[in-house]
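We count ligands from 1, going down the list as the structure has it; atoms in each ligand are counted the same way. For the single chain, residues carry numbers from 1 onward in sequence order.
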Amino acid sequence: MKKLLTAAALFSLTLTATAQKEDSLFIRRMADEILVNSKAYENLRVLTKQIGARLAGSPQMVKAEQWGLKAMQAAGPDKAWFQQCMVPHWVRGGRDLFQAERLVSSDGKNKKWSTSYLDVLALGNSQGSNGAIRAQVMMVRDFAELEAKKDSVKGKIVFYNYKFNPTFVRTFQAYSDAVAYRGQGPSRAAKYGAKGTIVRSMSHSTDNNPHTGGMSYADSLPKIPAVAVGLKDADWLDSTLGRTTVFATMQTAGHFLPDTIGNNVIGELRGTEFPNQYITIGGHLDSWDAAEGAHDDGAGVVQTIEVLRVLKAMGYKPRHSIRFVLFANEENGTRGGRKYAEEAKAKGEQHIFALESDAGGFTPRGFGFTGPEAQYQKILAWKDLLAPYGASEIVRGGGGSDIAPLGRELGTPLCGFLPDSQRYFDYHHARNDIFENVNKRELELGAVNMAALIYLIDKYGL
Ligand SMILES: [Zn+2]
């Protein structure tokens, strides 16, 4: 027998349908405003072309903060300010050199060597070689091989040739899988007496650009120099080592200057019903020093500002307070994100949700959510509202380095914006992460989906 809907259930269904219609129309209007009048692409051009690379502590980062505050103010928040924090100040200190000499022939007495220069970038936070060092190169494919060969590591330059796993469809999985070789590889080799390390770049790219990125030393071990090498050179080194002996002369000059003052740039729309409940949306303003940081994370920065701009353009009055944050230091310290959470905690602020865009300005696919199941289900139910603009894959797990401290310290549920990930690691931390490699439409569609999610969370809460 057919169940009959009670009058109350029917009424609530009608209400839901009306709300859905209303939301879908509002999101459509926001999308139109962004796709016609967006400032995101022009903002990205100024940030990348007029300011450029902006590692925390650098003079360019100071300029970026000033630009960020102005751009934020132009988007029309109720207020905008700097939140000061101390940031690390690492400098590359000079040109990174890796000169490989391969043994071509030997008749016992006379040895002939051939020299090749590999394209390398010192790893971020690494200590310079203090003049040139010369040593034999030995390759290991992973940490297990390093352990197996630990007795022959002493005095060598260790080449970590761990490959990005092509079978992971989401490239961030390949990155998580490989990144330990960059982060901990140098100290793990230093433990057995290595003099230096060269790490295969974390990428699927078909070019030869080296991809730098953060590393950290174990305090108890010698701080040996460390560079990343492009994939073509990595393959060349691999095949050459299979045939003959290779020595290398390696020179880097990275070092830390004293910590300095950095700033999170914050804009805020004050909530009309729950002013003391906060929703945060952000990206990070800093980038590595070797590139313009267009995808990482200029895209997240300009999308964040664009979400503010569109909410204002719609005349939207949020129920909760919404904070738009350009974080000061993601790449080599996450001090910006930590400061933001620390102050929120100290002030007893209630942070109900945070969203970060730090996966590039590519075509939207969805959002990754970290938080309770009931809240996940609630976001999942909005899938159809996001689908027309691309972000319909609502998956479990996600957030961002800058908002992670909010999750840890305050239990805030977190979302990471998930654009298509296939090209991200072609550019990530490499010198080709430039404005020209960001597509205007893809960037804007990212902002559309972020604005839609923020609107829904503000309207319905979690
Ligand atoms: Zn990033």
Side-chain angles (χ1 to χ4, degrees), residues 40 43-44 47-48 51-58 60-61 64-65 68 87-88 90 121 123-125 170-176 178-179 182-183 201-203 209 211-216 228 262 264-265 280-305 324-338 340 354-362 367-368 398-406 414-421 423-435 437-438 442-443 446-447 450:
N43 275 339
L44 187 65
L47 178 62
T48 54
I51 298 167
R54 44 194 185 279
L55 191 58
S58 67
Q60 295 93 317
M61 185 57 188
E65 288 167 357
V87 293
W90 181 82
L121 273 177
L123 297 184
N125 304 344
R170 289 204 172 90
T171 60
F172 280 85
Q173 277 179 276
Y175 184 63
S176 314
V179 76
R182 189 187 80 204
S201 288
M202 325 275 115
S203 177
N209 284 312
H211 297 240
T212 188
M215 58 82 61
S216 61
N264 290 328
V265 180
T280 296
I281 170 172
H284 65 87
L285 192 53
D286 63 316
S287 78
W288 279 107
D289 61 320
E292 291 173 4
H295 281 292
D296 186 13
D297 183 26
V301 162
V302 300
Q303 286 169 331
T304 296
I305 297 171
F324 304 83
V325 187
L326 318 182
F327 291 97
N329 167 231
E330 192 272 340
E331 295 295 3
N332 66 339
T334 56
R335 304 267 190 96
R338 282 194 264 159
Y340 184 72
L355 165 66
E356 181 157 6
S357 167
D358 185 18
F362 301 99
F367 293 97
S401 312
D402 298 293
I403 56 174
L406 273 184
L414 309 175
C415 249
F417 169 55
L418 298 178
D420 186 273
S421 70
R423 286 172 289 153
Y424 186 61
F425 292 98
D426 290 357
Y427 309 123
H428 183 247
H429 301 174
R431 62 174 79 94
N432 59 342
D433 182 10
I434 55 173
F435 176 67
N437 287 329
V438 177
E442 293 181 359
L443 179 74
M450 290 163 66

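- For the 3.5 Å distance criterion, the side chains of H284 and N329 fail to qualify, holding no donor opposite an acceptor.
- Taking the side chain as every heavy atom from C-beta outward, Y427 and N209 never approach each other to under 4.5 Å.
- Contact of the H295 side chain with the F362 side chain is registered, since non-hydrogen atoms from C-beta on lie closer than 4.5 Å.
- Counting heavy atoms from C-beta outward, V301 and N43 have side chains that stay 4.5 Å or more apart.
- Taking the ring-ring contact (aromatic ring centres under 6.0 Å, His included) definition, one finds that F324 meets it with nothing, sequence neighbours left out.
- Distances shorter than 2.8 Å separate the Zn ion (ligand 1) from the protein N/O/S atoms H284 NE2, D296 OD1, D358 OD1, D358 OD2.
- How far CD of E65 is from CG of D286: 9.5 Å, rounded to the nearest 0.5 Å.
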